[in-house]
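One structure is given here, and the rest of the page talks about it.
Per chain, numbering begins at 1; letters A, B, ... match sequence-line order.
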Amino acid sequence: MPIVVDRRPEGVVLIDDDGSETLIAADALPAAVAEREAEHPRWVWTDTAQWYPALLAAGVRVERCHDLRLVDAIIAGIDGRVPRRGWAGAAPTDDGALFALDGTDAVPPRSAAREWARQQQRLAAHPEPARLALLAAAESAGALAAIEMHATGLPWSAAEHDALLTATLGPRPAAGARPAALAALAAEVERRLDIGAVPIDSPPALVAALRRAGLAVTSARSSELRRIDHPAIEPLLQYKSLSRLHTANGWNWLDEWVRDGRFRPTYVPGGVVTGRWASDGGGALQLPRQVRPAIVADPGWRLVVADAAQLEPRILAALSGDAAMARAGADVDLYAGIVASGAVATREQAKVGMLGAMYGGTTGASAQVLPRLARAFPRAIAHVEAAARAGERGERVRTLLGRTSPAPTRRLSDAAASETGRPDTTGPAARAWGRFTRNFVVQGTAAEWALAWLAGVRRQLWTAGSPLAAQPHLVFFVHDELIVHCPENEVARTEAVLRSAAAEAGRLLFGDAPVSFPVSVSIVQRYSDAKG
DNA sequence: TGGGCTTGCGCC
DNA sequence: AAAGGGCGCAAGCCCA
């Protein structure tokens, strides 16, 4: 049963489904929530990110919620309107404000109870109410997990991190100074180019310098430089790689983001149009392999690292009802299954071809093998082609559970219409939008599967009565991969949970569709030792 | 000096 | 090897 949590000038009110209200002081909320949690309610509140941290800090964990802000954003996407704002003002702040505290929004949020009523009506009126309700529940469960993972943090050894920085860059330099290894590499580049000073940190100036030295480059991209045969390229590429490590995940990053052996990023559920999460600060979803040796389980604990194998092609197989592709994915390696089906000759062709089909690749190897994939897996390929054509026509597309792509930018529709008097469906802009919608249906539905997986793992792992950090708990989530920090005597149970939750997510979304969602699991001390 | 833009690159 | 989709972030650069 739902319990609405709402802010009142005189405190916080809990509203039961029959409309009865219980008014409590804001500081009594954790105790009240803990007591009612025994009934396994769904807590309905404006914004998990605003309400839940204080509860967690007080040691109170909740099983289920409905996040009005996140669900409104989904509904707004369906309706083609701007999401409501000002939710933050409804948080349990001590001044009782109902307005956004930063003054950015003059529109007061509705009361949580009214917004809940509106959303229930809206969900029920949807053509696929069960799917949309599932999406709302999964999105909200993700919001809980995001706050919990922020609170517990990812185990991070500052000593290991510092050691690997020192090993590759040299000792930590004074603030603003260049590490010894970078200085040496920059000097080596200048020696080998032999044109005097090289502005190695400025891409445009670097391109000009390289051209002065007789190298035919048009950009400073590593991918382009790699194709050039010149002795200065090797130290230059090494410089770029180490410089990136230093600026993005060097000592400054370590100082700013790692405290008490934990990295605590802020996850942003629903932060990407497709429904994927984004992150805010610390680059949490782009942790480079170079620093993963610093992600180390506590003594007596393990990292259980789980990765959904070839998630997106499997999602496409299930979405499109492509039985042949489902068969190809019967085992853990779908790409090998595609080779075994005879569609293509090598695993690399299978992989590049499928990625091209889902991303809209039009050149090179992916385009070459696409016709063969289309013959072998006609429904899968037709599904993404249809999504691309819809986008080119300016139509919006939907994920399985109903998340809807935005309308094309005005520039796209107007620029074309002004020339021909009708919408452009063939120009470069239309094709680019088609690539977006093509990918949206697959990436977005994969994000829904991943949320269902995450929610299942969270629910199955949790043992009530002991603190979250004392039992196996989620510490990291990135699109199709989960890490559980786990006492070593619980790794077997945790692995089983990760696998069974994946199968359950498949059933939740796709029912009895014959598509499997295998998970590769590594049990390691260090993240860098996980296969993947 | 600070904001916004571009470039480049890390991840999935 | 790169290309196609989605991001966040740091640095350089331009302009007010």
Measure from the side-chain heavy atoms of Ser219(A) and tell me the nearest of dG8(B), dA2(C), dC7(C). dG8(B)
Pairs under 3.5 Å (Watson-Crick or G-U), crossing ones as [ ], inter-strand ones as |: DNA chain C comes out as ....||||||||||||
Among the nucleotides dC11(B), dG6(C), dC13(C), which one has an atom lying closest to any side-chain atom of Ser202(A)? dC13(C)
State whether Asp72(A) and Arg81(A) are salt-bridged, where the test is any N-O pair (Lys NZ or Arg NE/NH1/NH2 against Asp/Glu carboxylate O) under 4.0 Å. yes
Check this for me: does the side-chain of Arg244(A) come within 3.5 Å of the base of dC9(B) through a donor and an acceptor? yes
How close or far is atom P of dA2(C) from atom CZ of Arg221(A), stated in whole angstroms? 11 Å
With the side chain of Thr247(A) defined as its heavy atoms from C-beta on, choose the nearest nucleotide among dA11(C), dG5(C), dA1(C). dA11(C)
Is the base of dG4(C) syn or anti, if syn means a glycosidic angle within 90° of 0? syn
Proximal nucleotide (of dC12(B), dG6(C), dG8(C)) relative to the Val273(A) side chain: dG6(C)
Check nucleotides 14-16 of chain C against the protein and report each pair of N or O atoms closer than 3.5 Å, with its distance, or say if there are none.
none

On DNA chain C, compare the nucleotides closest to Ala278(A) and Arg435(A); which residue's is nearer the 5' end? Arg435(A)
Sorted by chain and residue number, the salt bridge (charged side-chain N to carboxylate O under 4.0 Å, His left out) partners of Arg526(A) (sequence neighbours excluded) come out as Glu160(A)
Tell me: NZ of Lys351(A) to P of dA3(C), nearest whole Å? 16 Å
Taken to the nearest whole Å, OH/Tyr267(A) to C1'/dG8(C) is 14 Å
Can the ring centroids of Phe477(A) and Trp453(A) be said to lie less than 6.0 angstrom from one another? no
For Glu481(A) and dG6(C), give me the distance from atom CD to atom P, rounded to whole Å. 22 Å
